[in-house]
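Please read the structure below before turning to the comments.
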Amino acid sequence: MTTMPTTDPDTVSPDALHTPVLGWFDQHARDLPWRRPEAGAWGVMVSEFMLQQTPVSRVLPVYEQWLARWPRPADLAADAPGEAVRAWGRLGYPRRALRLHGAAVAITERHGGDVPRDHAQLLSLPGIGEYTAAAVASFAYGQRHAVLDTNVRRVFARAVSGVQYPPNATTAAERRLARALLPDDEARAARWAAASMELGALVCTARNEDCGRCPIAASCAWHLAGKPAHDGPPRRGQTYAGTDRQVRGKLLAVLREAVDPVPQAALDAVWHEPVQRARALDGLVADGLVEPLAGGVYRLPLT
DNA sequence: AAAACGTGGAC
DNA sequence: TGTCCAAGTTT
């Protein structure tokens, strides 16, 4: 007979988590450029786009160049989307660059050039989903939102539910828990969002977690249970080699480096298999990442 | 709801 | 060396 994990918000004591985690954050928060006051809402938003599935260490240099080149949304909006794709470099998932450009255009046209404060308005921008809308509203504007990213989900899974990893897909129970654990005070809630995320990023990591440095190890359900290994369906593994994604990446790398439009032959050289190669290129065009010109040449999108 | 969507560092 | 993982969004 086993007992179910404790996921009922009524059974957890929020303040017993808040105080130590916030205290730890005061001491150990990283000095990241998008956390500095001068970053502004635009800096926060740019960082959130870049950090979607990409590690901080790789984002840092691109972020700095991006903000120097396009210090306000209108600056990016005035430039070609292809320039955003080029400046994105090797961060991966280049559609994010296109969406960030699209968001800048929408902000310029519909919001007077200022990143909106309202969660619903943020959510309506391209490339902004539930997480990013909450993150921008919380980090940039100090609002009270449940900011549920992969780090926070893991912290909650362990500290509250007593399991090593959260479910593959975010559940309603997780959202409910995140809301229940949000401090009542707005400023404290915003601080909590950043702190709980930072704890997951630095201490309560996916592998090699460091419970010895964790401010809530003593009350962590998973730690108390003896840190049982993950039990259940395998966590989704990604394959990459030989996929369309890899071919798309190679094609786009050529276009990013090229100053002038690229002839078909130059693209053909990146992949031997013609059917997959054509499918990948078609996909890039369909996604608006590549613009086909007359005469069988291609370039990053000008419009 | 499941699958597509890049890239590179760490173990 | 191959697997795992990184502040998700979209269809």
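Reminder, nothing fancy here: chain letters follow the sequence lines and each chain counts from 1. Quantities reported herein were computed from a predicted structural model and do not represent experimental measurements.
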What nucleic acid atoms does [X] come within less than 4.0 Å of, heavy atoms only: base, sugar-phosphate, or nothing?
X      : answer
A:G92  : base
A:L284 : nothing
A:W34  : base
A:F139 : nothing
A:A206 : sugar-phosphate
A:L91  : base
A:Q246 : nothing

Does a side-chain N-to-carboxylate-O contact under 4.0 Å join [X] and [Y]?
X      : Y      : result
A:R299 : A:D260 : no
A:R279 : A:D282 : no
A:R95  : A:D287 : yes
A:D185 : A:R144 : no

### Query
For the side chain of A:R58 and the base of B:dT7, is some donor closer than 3.5 Å to an acceptor across the two?
yes

So does A:T54 reach the base of B:dG6 with its side chain, donor to acceptor, closer than 3.5 Å? yes

Practice prompt. I would like to know whether A:W70 and A:W42 meet ring-ring contact (aromatic ring centres under 6.0 Å, His included); could you show each step before the answer?
Written response: CA-CA 10 Å; A:W70 299 301; A:W42 174 236; 8.9 Å; no

Could you tell me how far apart [X] ([atom1]) and [N] ([atom2]) are, to the nearest whole angstrom?
X      : N      : atom1 : atom2 : answer
A:M50  : C:dG8  : CE    : P     : 15 Å
A:L100 : C:dT9  : CG    : C1'   : 13 Å
A:N168 : C:dA6  : CG    : P     : 12 Å
A:L202 : C:dA6  : CG    : P     : 13 Å
A:R207 : B:dA10 : CZ    : C1'   : 6 Å
A:E130 : C:dT11 : CD    : P     : 17 Å
A:D287 : B:dC5  : CG    : P     : 8 Å
A:F49  : C:dA6  : CZ    : C1'   : 18 Å

Between [N] and [X], is there an OP1 or OP2 to side-chain N/O distance shorter than 4.0 Å?
X      : N     : result
A:T132 : C:dT9 : yes
A:R96  : B:dT7 : no
A:Y165 : C:dC5 : yes
A:Y93  : C:dG8 : no

Salt bridge (charged side-chain N to carboxylate O under 4.0 Å, His left out) pairs touching residues 216-228 of chain A, sequence neighbours excluded, are A:E209-A:K227

Relative to each other, are the rings of A:F156 and A:W192 parallel, tilted or perpendicular (30° and 60° limits)?
parallel

I want to verify a distance call: between [options], whose nearest atom is closest to the [X] side chain?
X      : options             : answer
A:N151 : B:dG8, C:dA7, B:dA4 : C:dA7
A:R245 : B:dC5, C:dA6, C:dG8 : B:dC5
A:L51  : C:dA7, C:dC5, B:dG6 : C:dA7
A:R30  : B:dG6, B:dC5, C:dA7 : C:dA7
A:Y131 : C:dG8, B:dT7, B:dG6 : C:dG8
A:R248 : C:dA7, B:dG9, B:dG6 : B:dG6

Between A:R86 and A:D79, is the salt bridge (Lys or Arg N to Asp or Glu O under 4.0 Å) condition met? List the steps. CA-CA 12 Å; A:R86 196 189 308 278; A:D79 223 328; over 6 Å; no

Sorted by number, residues from residues 265-282 of chain A placing a heavy atom under 4.0 Å from DNA chain C are none

Stems with DNA chain B, 3 or more Watson-Crick or G-U pairs in a row (under 3.5 Å), are B:2-5 with C:8-11, B:7-11 with C:2-6

Distance between the P atoms of C:dA7 and B:dC11, in whole angstroms?
15 Å

Ranking A:R154 and A:Q52 by the position along DNA chain C of their nearest nucleotide, the one closer to 5' is A:R154

Under the salt bridge (Lys or Arg N to Asp or Glu O under 4.0 Å) rule, what do A:E48 and A:R96 come out as? Steps first, then yes or no, please. CA-CA 10 Å; A:E48 289 303 336; A:R96 291 181 293 166; over 6 Å; no

